[in-house]
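Numbered from 1 within each chain, the chains take letters A, B, ... in sequence-line order. Side chains are part of it too, since the values below use all heavy atoms of this structure and drop only hydrogens, waters and symmetry mates.
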2 protein chains.
Amino acid sequence: MLPDLKIQPLRYVLAIVDHGGFHAAARQLHRSQPAVSMAVRELEARLGEALFEKGAQASLTPFGKYCVPRFRELILQHDRLSRDLLAQVERQAGHLDMAAVPSVASRLMPSLLSEFVERYPGIRVALHDGNADFVREQVLGGEVDIGLSSLWQPDEALTFTPLLRDKVGVVCRDDHPFADRASLHWRELAGETLIGNGTSRLLEGTEAEALLASPTFFISNMISLTASLVAGLGITTLPRLAFAEEYERLRFVPLECPVVERQVGLVRLAGRSLSPAAAAMAAFVVERLGESSGQGLGGHAPISQ
Amino acid sequence: MLPDLKIQPLRYVLAIVDHGGFHAAARQLHRSQPAVSMAVRELEARLGEALFEKGAQASLTPFGKYCVPRFRELILQHDRLSRDLLAQVERQAGHLDMAAVPSVASRLMPSLLSEFVERYPGIRVALHDGNADFVREQVLGGEVDIGLSSLWQPDEALTFTPLLRDKVGVVCRDDHPFADRASLHWRELAGETLIGNGTSRLLEGTEAEALLASPTFFISNMISLTASLVAGLGITTLPRLAFAEEYERLRFVPLECPVVERQVGLVRLAGRSLSPAAAAMAAFVVERLGESSGQGLGGHAPISQ
DNA sequence: GCAAGCGGTAAGTATTCCTTATCATATGCT
DNA sequence: AGCATATGATAAGGAATACTTACCGCTTGC
C-alpha cells in the first residue's frame, strides 16, 4: 500500500535542489550523474508524480516543492537518530545505573568515577549503594546494569567477575590492647565484647566461626558501628576496605589466623549483554581494579585472572 | 561517517519485537525467516552493536531496548510522510489557488466548486477574482496555480486552453428602445450614450471599433456599472456571461454585426507542471466546461477541440 | 556556429536482497 | 527418556537494485 521511501534518493533530491543540478549533486555525492538521474526517476515512479520539471535545467515541480521540506525533515530525523545511536555505540553518550556495597562506593568509586567521566565525558552514571543483598537484588531485577559487591553464594542468574581480595581484620579503639598489634589470632578475641555487623558472616565456615555465637550487639549501620567503636563499646571485625580510615581513634589489625577474605567483584546478569555505556564501565572497572590497584589502599589485592 | 539506516530492517526489528520472534515476524512480513535474520544481522553490523541476545529466544539487548522506540518513531514519521505524499498524488488531499474573472467566478464557479469538493473532498480551493489582467499576473507570478480568463494576447510564458465562447451584446434598461430587440447592428448604437467598461476592448479590431472613441463614461466596477445602467445613464456592451441576469430591469441584446466574442479558457504557466490538486481542478474544469456546458447559461458555447 | 554545459539513455557489472535447503539447539509432549 | 517440533543461524544460488562507463540530444554562451 504505502511505498517505502529509501533515504538515499531523498538525499539525492535535496542535493540536486541545494546544488542546483544533477551534475553538481552527483559530484558532491560521489556518484555518477546517471546514478542520480535514475534514482530520482525511480523515486518519481514510486510516488507517481514528477519532482523535477522534465527537459530544462533542474527545477522543481509544484509537487517537488511540496516534497522537499518534508524530505528534509525526514532526513533530519534520520540523521539525528543515526548520530545518536552511533554516539551510544562509541560510548560518547549514554547512561548507566550501577550499585555497589558501601565500602566500594565510598572508598573506590570516587576516584574511579572521576577518571571515568574524564575518559567518557558523555556518559552519565548513577551510583546506588547498599549492602550485598541490595546489590544482588538490584542487578537481578534489572534496576542497575552492573553491581560491585561480594557474592555470598553463586547464583545461576548472575555472572561474578572477581576483582580484588579484601582481608578481614579486627577494628578497635587506639587505647585497646590490640591497637598496636601487627596481627591477631582468632582465639585472642574470645574474651572481648564483639560487635556484630553485616560483614560478620564472612567468618562463617572458618575456624573463627565460634566467635559469631557470642556477640552482645549487632549493628548493621556503619556510622552507628564506628561511633560505638569510638565510644569504646567493644571491637568488631571488618574487611579492610570497609574500615573507615578517617576515624583517628580506630585501629585496624589484620586477622592472621584464620585469614578470612571476601572477594569483591563485578556482578551482572548472566547471559544478558550490557548497554554500551555499562559495558564501558564494566571494562573500565575491571581494568582499574583487576590488575594493579592498591594505590595506598593496602589490605586488598587484585586478583590475577 | 554516519551510516544510512534503511527503513526495511527497522521494520523487521519492530516486527520481531511485536510478534516475539523471527519466524512470526517473517510470516507477517511475507518474507522468509533467513531474510529477516540476515537483515537484522546486517543492521547490527552497521550499528556495531547487537540488538538481540544471541542464542536464545529472540530477546532484546539493552541497546536493542534503547533502539526500538527510536526506530518506531522514525518509521512513524516515515509512514506519515509516505501516506501524506500518496494522498496528495491521489488527490485525496492538497490545496490549490486559482484566479478567475468576475463573470466566471460568480456565474460558473459556484456550481463547479460544489461539484469539485464533492468529487475531491480532501482538496481545499482558494478562489481569487479580478479582471483579466489580474488573473494573468497572478498566474505569471505563481500566486495562483491556474486562472480562468480570456487572453487578450498570446503570451510565451502562458498556456491558454480555450473552454467556451462568450458573445458580446448590448445591455440596456427595459424601457430602452433596444430592450425588446432580438439583435443589433453596431451602427444602431451610434447615437447612444455608451458606457465603457473593462470588456470594451473586445471591440478593438472589429468593425465596431469606432464606438470606442465616443464613450462619455468609463466604469470598470461591475456593481457601479449595473447601477448606472439601472439608473438609465446609458447603455454598454458586455459578454453574455458578464451580464448580471439578476437585475430585473436590464436587458441583454446580442450584437449580430459584427459578432464579437471572447474566448474564456484555462490559463497556466507554460512548461510548468501543476500540483496534483491543481491538475485535478484543471482537468475538472476542462471536463465540465470544455465539452457540454450551457445548462441554461445560453450565449456562450463550449469550444470543441 | 562551435564548445561546454545540461539531463537522459543504454548496456554491463557489482552489490544487495531474498529465496530454498539444511543445521544445531532448545522446548514440549507423551 | 525420547521423539516431535519449535527456535534462530548458515550456505549457496538467483533475482532485483544500484551503480558504472559510454554516448546521445538539447540548450546556452561566446
Side-chain angles (χ1 to χ4, degrees), chain A residues 3-47 49-61 63-64 68 71 75 78 82 156-157 270-273, chain B residues 3-47 49-61 63-64 67-68 75 156-157 270-273:
Chain A
D4 253 21
L5 305 174
K6 279 167 255 146
I7 298 295
Q8 274 240 5
L10 304 192
R11 252 188 239 288
Y12 288 4
V13 170
L14 297 189
I16 293 166
V17 172
D18 293 341
H19 294 85
F22 285 63
H23 274 92
R27 223 171 297 125
Q28 199 259 343
L29 293 162
H30 307 294
R31 291 278 126 77
S32 64
Q33 169 265 315
V36 177
S37 268
M38 292 166 81
V40 171
R41 289 175 58 78
E42 210 284 326
L43 175 60
E44 288 178 337
R46 187 172 297 219
L47 292 174
E49 191 88 22
L51 294 167
F52 293 94
E53 299 286 0
K54 300 163 227 300
Q57 183 83 348
S59 79
L60 287 166
T61 61
F63 181 65
V68 161
F71 289 174
I75 289 201
H78 166 277
S82 182
E156 266 301 296
R272 303 265 302 139
S273 349
Chain B
D4 252 21
L5 305 174
K6 279 167 253 147
I7 297 296
Q8 272 240 5
L10 305 192
R11 251 188 241 288
Y12 288 3
V13 170
L14 297 190
I16 293 167
V17 171
D18 293 341
H19 294 85
F22 287 64
H23 275 91
R27 224 170 298 125
Q28 199 260 342
L29 293 163
H30 307 294
R31 290 278 127 73
S32 65
Q33 169 264 316
V36 177
S37 268
M38 293 166 82
V40 171
R41 287 176 61 77
E42 211 284 327
L43 175 60
E44 288 177 337
R46 186 173 299 219
L47 292 175
E49 191 88 22
L51 295 167
F52 293 94
E53 299 287 0
K54 300 160 229 298
Q57 184 82 350
S59 78
L60 287 166
T61 61
F63 182 63
C67 288
V68 162
I75 289 202
E156 267 301 296
R272 303 265 302 140
S273 351

F22(A) ring center within less than 6.0 Å of Y12(A) ring center:
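Ring centres of F22(A) and Y12(A) not closer than 6.0 Å.
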
Grab the [atom1]-[atom2] distance between [X] and [N] for me, whole Å please.
X: L29(A); N: dT20(D); atom1: CG; atom2: C1'; result: 15 Å
X: E53(A); N: dG8(C); atom1: CD; atom2: P; result: 12 Å
X: L51(B); N: dA9(D); atom1: CG; atom2: P; result: 12 Å
X: H19(B); N: dT7(D); atom1: NE2; atom2: C1'; result: 17 Å
X: F52(B); N: dA9(D); atom1: CZ; atom2: P; result: 10 Å
X: L43(A); N: dA18(D); atom1: CG; atom2: C1'; result: 14 Å
X: Q57(A); N: dT28(D); atom1: CD; atom2: C1'; result: 10 Å
X: K54(B); N: dT7(D); atom1: NZ; atom2: C1'; result: 17 Å

Give the minimum heavy-atom separation between K54(B) and A50(B), together with the two atoms involved.
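Nearest heavy atoms, K54(B) then A50(B): NZ-CB, 3.4 Å.
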
Over all atoms of both residues, closest heavy-atom pair of G21(A) and A58(A):
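Nearest heavy atoms, G21(A) then A58(A): CA-CB, 4.2 Å.
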
Can you work out whether R41(B) or R27(B) has the more 5'-proximal nearest nucleotide on DNA chain D?
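Checking each residue's closest nucleotide, the 5'-ward one belongs to R27(B).
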
Protein N or O to nucleotides 17-19 of chain C N or O, pairs below 3.5 Å:
unit_1  : atom_1 : unit_2 : atom_2 : d
dC17(C) : OP1    : K6(B)  : NZ     : 2.7
dC17(C) : OP2    : K6(B)  : NZ     : 3.4
dC18(C) : OP1    : Y12(B) : OH     : 3.3
dT19(C) : OP2    : S32(B) : N      : 2.7
dT19(C) : OP2    : S32(B) : OG     : 2.7

Q28(B): what forms a side chain to side chain contact (heavy atoms under 4.5 Å, CB included) with it, not counting sequence neighbours?
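Partners of Q28(B) under the side chain to side chain contact (heavy atoms under 4.5 Å, CB included) test: A15(B), H19(B).
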
At less than 4.0 Å, is any side-chain N or O atom of H23(A) found next to OP1 or OP2 of dG5(C)? Yes or no.
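For dG5(C), OP1/OP2 do not have a side-chain N/O of H23(A) under 4.0 Å.
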
Around atom CZ of R46(A), are there more than 12 heavy atoms of other residues, nucleotides or ligands at under 6.0 Å?
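It does: R46(A) CZ has more than 12 such atoms within range.
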
Any donor-acceptor pair under 3.5 Å from T61(A) side chain to L51(A) backbone:
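Yes: the side chain of T61(A) pairs with the backbone of L51(A).
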
